[in-house]
Amino acid sequence: MKSQARVVVIGGGVVGCSVLYHLTKAGWKDVVLIERDRLTSGSTWHAAGGFHTLNGDPNVAKLQGYTINLYNELEKISGESCGLHRSGGLILADTPERLEWLKMAHARARYLGLETEMMSMAEAKKLHPLLEEKYFVGAMLDAADGNLDPNGTTNAYAKSARIGGAEIYQNCRVTDLQPRKDGTWDVITVNGNIHAEHVVNCGGLWAREVGRMVGIELPVLAMEHMYLVTEDMPDVVAYNKERGRELPHIIDFKSEIYMRQERNGIVLGTYERSCVPWQPRQTPWDFGQELLPPDLDRIAPNLELGYKHFPALANAGIKRIINGPFTFSPDGNPLVGPVPGLRNFWSACAVMAGFSQGGGVGLALSQWMVHGDPGFDVWAMDVARFGDWATRSYTNEKVRENYARRFSIRFPNEELPAARPHQTTALYDIMIAQGAVMGDSWGLETPLWFAPKGTEPKDVVSFHRSNDFPHVKAEVLATRNGVGVTEIANFAKYRFSGAGAEAFLSHLMTNKMPKTGRLILTPMLNPQGKLIGDFTIAKAADESFYMWGSSQAQKYHMRWFEQHLPADGSVKIERFDMNLVGLSIAGPQSRAVLEQLTDEDVSNKGLKFMDHRAMDIANVPALINRVTYTGDLGYEIWVAPEYQRRLYQEIMRAGKKFGIVNFGMRALLSMRLEKNFPTWFRELRPIYGGFEGGLDRFIGRDAAMEEKRTGGKLRRVSMIVDASDADVLGDEPIFHKGKVVGWVTSGGYAHYVDKSLAQGYVPVELAADTVQGAFEIEIIGENRKATIILDPLFDPEGKKMRS
Ligand SMILES: Cc1cc2nc3c(=O)[nH]c(=O)nc-3n(C[C@H](O)[C@H](O)[C@H](O)COP(=O)(O)OP(=O)(O)OC[C@H]3O[C@@H](n4cnc5c(N)ncnc54)[C@H](O)[C@@H]3O)c2cc1C
């Protein structure tokens with residue numbers, strides 16, 4: 001065994017082998033994989049081997065497409081068979097809502113370049129005669145679906161990696177990981193030690209335990225999962241003979257089963273509601289290639305329905321039942337990337353669909369390690385997307401919810417209940433008492449909208465406009481015409497201090513830092529010139545800056561800041577988390593409210609647009625920013641949490657005579673739409689280019705300047721959509737002259753201007769085509785005319801926020 005390597009990958013399941021192969025492909029040859037037992041001996045060996053491209057996140061769907069296309073290349077390089085069966089797959093909807101969901105998935109597939117087709121049940125029945133069509137209302141065919149041999153595929157990755165120069169050590173458990181001062185690692189194994197520059201945790205069923213070796217608790221949990229294999233079935237044999245092909249895969253939403261042909265029988269698996277976690281505290285190190293005892297009672301309700309939907313199954317004998325564990329994160333997507341707070345320690349675990357996602361995970365991680373950037377938008381699987389609030393017991397509740405909902409559709413206005421309320425501010429009970437309908441924002445309960453007295457504070461889940469519509473409208477109108485208050489505790493907040501703070505921020509951000517007492521808005525770019533952040537920065541004093549940004553991205557951003565911190569200790573970063581909480585007041589009467597709460601000069605001269613001050617408000621020490629995301633006159637007020645309750649009550653008391661209202665996140669998002677303001681993770685993501693800032697040498701400047709010179713390829717646009725009872729949600733295709741040319745990033749109903757609006761990206765040469773109805777957007781299977789607007793519909797000159 002080597003004593004030194006550039007990378008040690010821990011774990012020889014399909015994911016570890018993929019990471020190893022992709023590292024060699026990216027040019028790193030001095031890489032080793034260490035496996036506790038034999039390759040595949042975690043969850044990989046007993047997988048059902050199915051693969052598909054369907055995923056709620058389009059960027060993950062793209063990476064799944066990459067994985068599925070990789071298998072032919074692997075077979076060629078390694079000479080090993082992956083045992084591929086490219087049979088295609090049908091997803092069956094039993095209700096109009098599930099059919100709408102499929103139509104939206106089909107629309108998304110159009111701009112992702114994936115091959116899907118909507119079908120009537122008569123057409124589906126022709127493809128899969130075993131199904132009973134009367135139980136369904138429609139289907140989608142995904143041509144990329146199929147299945148493979150898990151062992152053959154893992155060996156194909158491993159052999160390809162070896163051909164590329166990698167070494168693999170089996171029967172060699174890693175027992176400890178010790179960091180050195182220079183950021184490298186001593187990897188302690190039962191067969192000796194290896195000194196490595198980088199370590200990758202591909203520990204699968206033991207990823208949590210490998211994380212504990214370096215002092216972290218990864219939000220990952222294994223669940224038991226069962227599938228059964230039937231005896232040979234005459235209907236299957238007859239189908240193969242008659243058609244000369246295999247039966248397509250099936251996903252049946254209603255019975256929550258998946259199904260595919262296996263030799264002359266069928267493999268049938270379930271995601272049952274009464275699911276069971278496996279080893280919730282600690283995975284035993286001596287767990288070998290073992291199966292868990294089957295429990296047919298647990299999946300009996302699914303089987304009963306499945307047999308009704310596919311009557312031939314009821315007569316088939318069961319040859320084998322497999323019950324094995326595999327891992328999930330709280331939202332079901334993998335945990336990939338550099339682990340925040342550690343140097344040269346990488347994660348590629350919680351991959352619940354190793355044969356759909358393993359290739360994409362290996363590609364993204366290897367590019368990240370070799371080039372410093374994953375090369376795609378991998379936010380949906382970034383290990384940094386969960387905060388410290390994702391504890392082991394929280395993870396347990398969320399993973400069980402996620403598993404049980406594997407084949408459930410999620411509506412855009414649906415908030416999932418498990419492990420909630422988790423974090424709350426001091427205003428939680430007050431808001432609930434006023435009819436707040438709460439949503440989860442990075443683990444924090446945040447008001448979405450307020451139900452007036454006599455209205456049930458509950459969302460009716462739908463893809464269409466729903467019961468909140470008139471109430472959100474009322475909140476918008478009352479704010480735009482008078483004054484409203486909303487809680488903004490969920491923003492991320494930081495302070496940068498020290499002699500090097502200004503130079504550090506100038507290096508990271510594209511815009512020049514403000515003068516003392518002023519604010520700026522600024523994007524942050526990566527070296528490729530892509531957007532990785534969008535912040536509000538205040539200069540409080542010479543060596544002190546406050547910064548506000550996206551709540552969800554705070555660990556992601558902290559990782560970036562820490563990676564770039566100067567070694568001389570001249571910059572200190574604090575992340576406030578819930579130690580600084582806020583309220584925003586907005587609307588033409590907001591200054592009048594503020595004037596009641598302070599004797600400071602808050603006139604338009606005393607506190608100008610984009611000013612920042614520390615002052616007492618309602619006797620409370622506060623930071624105040626004259627800025628609001630509604631695009632109106634407005635203020636953000638930030639205080640320590642122990643003052644938030646008083647501040648809120650005093651704002652409400654002072655605002656009473658001006659008719660102050662509460663408004664929630666949905667009203668805020670509606671108001672930002674009519675100002676054409678973008679949002680982080682929708683319009684602003686690492687797949688989009690930045691734009692010119694100041695003239696300092698900030699990261700990504702060269703790429704951004706080049707983009708400015710060439711004009712880039714895409715443009716973010718706002719559009720009025722000719723919608724009726726459903727608005728865009730994001731990820732719909734944008735058509736121009738019958739061709740898909742772009743995609744929607746977000747949108748909804750802009751209540752004040754009374755229009756349905758969308759934001760999205762189109763090719764730069766089409767971005768000025770303002771001809772009425774020149775574009776179309778597909779909303780739930782129907783194409784709706786859309787027209788580009790160049791200026792915001794609300795206050796296009798920005799006079800209101802400056803007045
Ligand atoms: C019943 C069942 C059916 C499934 N069906 C499908 C399917 O149809 N399609 C699909 O895509 N996925 C399926 N899966 C999921 C799939 O198996 C997983 O996504 C995949 O196996 C994850 O691979 P991995 O490499 O991350 O983890 P694992 O396979 O668990 O590999 C981790 C490896 O790390 C090693 N290891 C851990 N700690 C150490 C250490 N300290 N030192 C050295 N080595 C260590 C382990 O021995 C193990 O070999 C199924 C799973 C089950 C249980």
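The structure presented is a predicted model; accordingly, all values stated were derived computationally and were not measured. Whatever order the structure lists them in is the order used to number ligands and atoms, beginning at 1. Numbers here are sequence positions counted from 1.
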Exercise. Taking both backbone and side-chain atoms of Val15, is any N or O found less than 3.5 Å from an N or O belonging to ligand 1?
Worked result: yes

Exercise. Which one of Gln289, Met226, His225 has a non-hydrogen atom at the shortest distance from atom 2 (C) of ligand 1?
Worked result: His225

Exercise. Side chains of Asp142 and Thr53: donor-acceptor distance under 3.5 Å anywhere?
Worked result: yes

Exercise. Taking atom CG of Leu268 and atom CD1 of Ile321, what is their separation to the nearest 0.5 Å?
Worked result: 11.0 Å

Problem set entry | Rounded distance (nearest 0.5 Å) linking atom CG of Leu365 with atom CG of Leu20 | 11.5 Å

Exercise. Do Glu167 and Arg162 have side-chain heavy atoms sitting under 4.5 Å apart?
Worked result: no

Exercise. Does Asp382 come within less than 4.0 Å of Arg559, counting only side-chain N to carboxylate O?
Worked result: yes

Problem set entry | Heavy atom of Trp45, distance to ligand 1 below 4.0 Å | no

For this session: Determine, for Asp182 against Arg343, whether the closest basic-nitrogen to carboxylate-oxygen distance falls under 4.0 angstrom.
Result: no

Exercise. So, are Lys555 and Asp388 salt-bridged, with charged N and O less than 4.0 Å apart?
Worked result: yes

Exercise. Taking atom 52 (C) of ligand 1 as the point of reference, which of Trp278, Tyr157, Phe326 owns the nearest heavy atom?
Worked result: Phe326

Exercise. Are any of the N/O atoms in Pro325 less than 3.5 Å from those in ligand 1?
Worked result: no

Exercise. Any N or O on Tyr227 sitting closer than 3.5 Å to an N or O of ligand 1?
Worked result: no

Seminar exercise, completed: Counting from 1 in the order shown, the ligand 1 atoms closer than 4.0 Å to a non-hydrogen atom of Gly12 are 33 (C), 34 (O)

Exercise. Can you list the atoms of ligand 1 that are under 4.0 Å from a heavy atom of Gly50?
Worked result: 7 (C), 8 (O), 9 (N), 10 (C), 11 (O)

Exercise. How far does CE of Met223 sit from CG of Asn396, to the nearest 0.5 angstrom?
Worked result: 7.5 Å

Exercise. Which ligand 1 atoms, with their elements, are less than 4.0 angstrom from a heavy-atom of Ser356?
Worked result: 11 (O)

For this session: Compute the minimum heavy-atom distance from Gly269 to ligand 1 and say whether it is under 4.0 Å.
Result: no

Exercise. Do the two ring centres, one from His225 and one from Tyr271, sit under 6.0 Å apart?
Worked result: yes

Problem set entry | Nearest neighbour of atom 28 (P) of ligand 1 from the list Ser43, Ser41, Gly16, on a heavy-atom basis | Ser43

For this session: Ignoring angles and geometry beyond distance, decide whether Trp206 reaches within less than 3.5 Å of ligand 1 through its nitrogen or oxygen atoms.
Result: no

Exercise. Under 3.5 Å, N or O to N or O, is Ala348 touching ligand 1 that way?
Worked result: no

